[in-house]
Amino acid sequence: MRVCIVGCGAVGSLFAANLAQLADIEVWAYDSAADHVDAINAGGLRLSGAGDVLGRLRATADPAELPPCDFGIVATKAMHTEAAIAITAHAFGDGAVATVQNGLGNEETIAVHVARVIRGTTFPAGKVLAPGHVQWDVRGDTTLGPFEPQPAPLDEVARLADACTRAGMPTQAVPDARGPQWRKVIFNAATNPVGALTGLTHGRVCERPELRSLVSALVDEGKVVAAGLGVELDADPESLIDHAARRDVAYDHKASMLQDVEARRATEIDYLNGGIVRFGREHGVPTPLNEAIWALVKGVEQSWRQ
Amino acid sequence: MTSVCVAGAGTIGSLFAAFLARVADVSVLTRREDQARALNEHGLRVSGRADFTARVQAAADPAALDAELLIVACKGSDLAALAARLEGCFAGATVMTVQNGLGAEEVVAEHGDWPVLSSVTFMSGTRHSDVHVQYILDTATWIGPYRGTTGDDARRVAELIVSSGLEAEGFDDLRPAQWSKLIFNATVNSVAALTGLPHDHHFAEGALGDLVHRLVNEGKAAAAAAGVELGEDPWEMNVLATKRGHAHRPSMLEDVEARRPTEIELINGSLVREARLRGVPVPLHAALYELVKSKEASYS
């Protein structure tokens, strides 16, 4: 089986290096960062932290080099989905492509270029330390399922899930993968921008009663939209928020969006709160707070272009 | 009215002190001794729309000063401390507040039985040093009665200010103007502080313009519930201000960038409290109020 990781940043690298441990899988990685690609080809892709892994795989910054693949796993930031899948889609003419990205709308974008699409959500996280070297911060589960309008059949989804699980990335194939996706989106949309706008770590956000209620109000809007779509959440995002606030979990964690804002990098706000607002509009569900937060973070991004 | 004391020599206080010194005896109450010394030594220079240096008498001790009119011009975040220092001083003076938001008059009135005037000011400037202020926008200060004063008292103070070269107008009821400015300020200041944007075209169009519009509408509902018929329309004030050519940097944006305490309590806090008191839901203002307070909390 041949798998290509599209976007070999932190999360993509976790999949790439682990899958490369399996004898029956040939792993490719497409990434636009030439130094990262060169380092992977020269010395392998190294993970350290929650697991120490060295993956031998073939990386390229030139999509023309990609051979036909059975599976793609798209792991770019959400705003790069369109560009990344447009130039790699030729490798998946006979394959299925999964997304393990944040936010809403990635499946729809991939489906424009690829026939069979797999909806996915992943909780492991890490960060790129240096070209060819990624820190694995958190282990966690991944859920994959057919993307309803343009599905990969469930047994095909199960083959990819099985490979990931055998590689040390526990993954479930389910008929409806929207529950975990919406749980994670609602969690991210309620916490990430609040951290980004205030500069507070997750634990400190949760310690301020008024701010914690704003987070809950954002969660509640997301839940109503999910319900309007007929999505059954697999668990309450609120418990994820409280769990993460514990001193021994992520009290001191700066939300990735806060890190983005501090580094003046484009954020994923369009796919988090923006996604909730768009789906809300389509289903006649008002989401005034998510809309406000979306506009404020877009304003932050606009302020860098002054 | 021949003697005026200005308490608080920030941008607005410095402008009042320097201009009024041309038509009255002006003293300045400062927070710092060294600032009082600098003013006594160098006077107060105005540049921009005017160019002159005024002689003023300055002191950091309120007991050393007296006046018929006391203009309390410090920032809202310094008001409680300043008002406490005024207790027992300035017997016989009329006190005028110029702080943003609502409630400055009450804070001051708790510390003495002076007659009190309210005002809102739309003039703006930049303070370059303790002894140099640049006069930028020559928009008016509006004055009205608060306690033990009348519209005529307000108009007399306005006349004095106008004779000094600044713009001012007295009213029988200040609340329409005060609420228009409150809604405008609460909206524009908090959005600027959270986004980092100066008050430019983003506030009048697109998604951010929609947010600004909704915030203004929440404020209008609160004003209506408080029985206030607004003066200028805060949305139109916003649109007009974004078309001035140069984008103004609201003070709350400058405060968060310098990691200083903001005027969030007096401005957004008073709007949210007034609305809640009257059972008017203001979820967006409540959210922005808490976000800015949380941003302040992130400094430590």
Side-chain angles (χ1 to χ4, degrees), chain A residues 190-221 252 254-255 257-258 261-262 264 267 269-270 273-274 276-278 281 286-306, chain B residues 187-218 242 246-250 253 256-257 259 262 264-265 268-269 272-273 276 281-300:
Chain A
T191 57
N192 258 305
V194 170
L197 290 169
T198 62
L200 293 174
T201 64
H202 181 70
R204 292 193 64 196
V205 166
C206 293
E207 273 170 4
R208 297 179 59 88
E210 293 281 325
L211 197 59
R212 183 64 184 81
S213 2
L214 173 59
V215 168
S216 285
L218 289 163
V219 167
D220 290 344
E221 284 186 1
D252 287 320
K254 278 188 176 183
M257 195 179 289
L258 172 53
V261 163
E262 286 180 344
R264 299 190 158 210
T267 71
I269 194 77
D270 286 345
N273 306 72
I276 289 173
V277 171
R278 278 194 306 275
R281 280 181 194 156
T287 53
L289 286 171
N290 276 282
E291 220 166 303
I293 293 289
W294 184 20
L296 287 172
V297 175
K298 293 307 279 180
V300 171
E301 294 180 355
Q302 284 157 345
S303 78
W304 305 331
R305 294 193 287 270
Q306 292 291 309
Chain B
T187 301
V188 171
N189 270 287
S190 56
V191 169
L194 289 169
T195 60
L197 285 168
H199 190 197
D200 65 7
H201 63 96
H202 292 102
F203 285 65
E205 63 195 30
L208 205 62
D210 284 344
L211 174 59
V212 167
H213 202 255
R214 287 177 190 207
L215 286 162
V216 165
N217 285 343
E218 282 189 358
T242 63
H246 96 101
H248 177 64
R249 298 178 64 76
L253 167 58
V256 298
E257 287 190 340
R259 300 186 150 229
T262 70
I264 187 78
E265 276 306 332
N268 300 63
V272 169
R273 282 187 293 272
R276 284 184 179 158
V282 286
L284 296 175
H285 271 292
L288 269 69
Y289 170 49
E290 177 57 23
L291 286 168
V292 174
K293 282 203 296 181
S294 302
K295 194 170 186 125
E296 284 186 11
S298 79
Y299 306 158
S300 56

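Below, chain A is the first sequence line, B the second, and so on; all start at residue 1.
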Handout entry: Rounded distance (nearest 0.5 Å) linking atom CG of A:L200 with atom NZ of B:K295
Key = 10.0 Å
Completion exercise
Turns out that what part of A:L214 lies under 4.5 Å from chain B's heavy atoms comes down to side chain
Problem - B:L288 portion near chain A, given a 4.5 angstrom heavy-atom threshold - result: side chain
Exercise for the section: Could you give me the CA-CA distance, side-chain angles and deciding distance for B:L291 and A:L211, then say whether side-chain contact (heavy atoms from CB on, under 4.5 Å) is met? Expected result: CA-CA 7 Å; B:L291 286 168; A:L211 197 59; 3.9 Å; yes
Practice task
Give, as side chain, backbone, both or neither, the part of B:D200 having an atom under 4.5 angstrom from any heavy atom of chain A.
Solution key: side chain
Problem - Electrostatic pair B:R214-A:E291, nearest N-O below 4.0 angstrom - result: yes
Handout entry: Nearest non-hydrogen partners of A:T198 and B:S294, listed with the distance
Key = CG2-CB, 3.5 Å
Problem - Check: A:R208 and B:E290 side chains under 4.5 Å, non-hydrogen atoms - result: yes
Fill in the blank from the handout: Looking only at heavy atoms, the pair that brings B:T195 and A:S303 closest together is O-OG, 3.2 Å
Problem - Student check: side-chain heavy atoms of B:L197 and A:Q302 closer than 4.5 Å - result: yes
Practice task
Please report the closest heavy-atom contact between B:A207 and A:A295, naming both atoms and the distance.
Solution key: O-CB, 3.7 Å
Exercise for the section: Identify the two heavy atoms, one from B:L211 and one from A:A292, that lie closest to each other, and give their separation to 0.1 Å. Expected result: CD1-CB, 3.5 Å
Practice task
State the CD1-CG distance between A:I293 and B:L284, to the nearest 0.5 angstrom.
Solution key: 9.5 Å
Exercise for the section: Measure B:A297 against the heavy atoms of chain A and call it side chain, backbone, both or neither at under 4.5 Å. Expected result: both
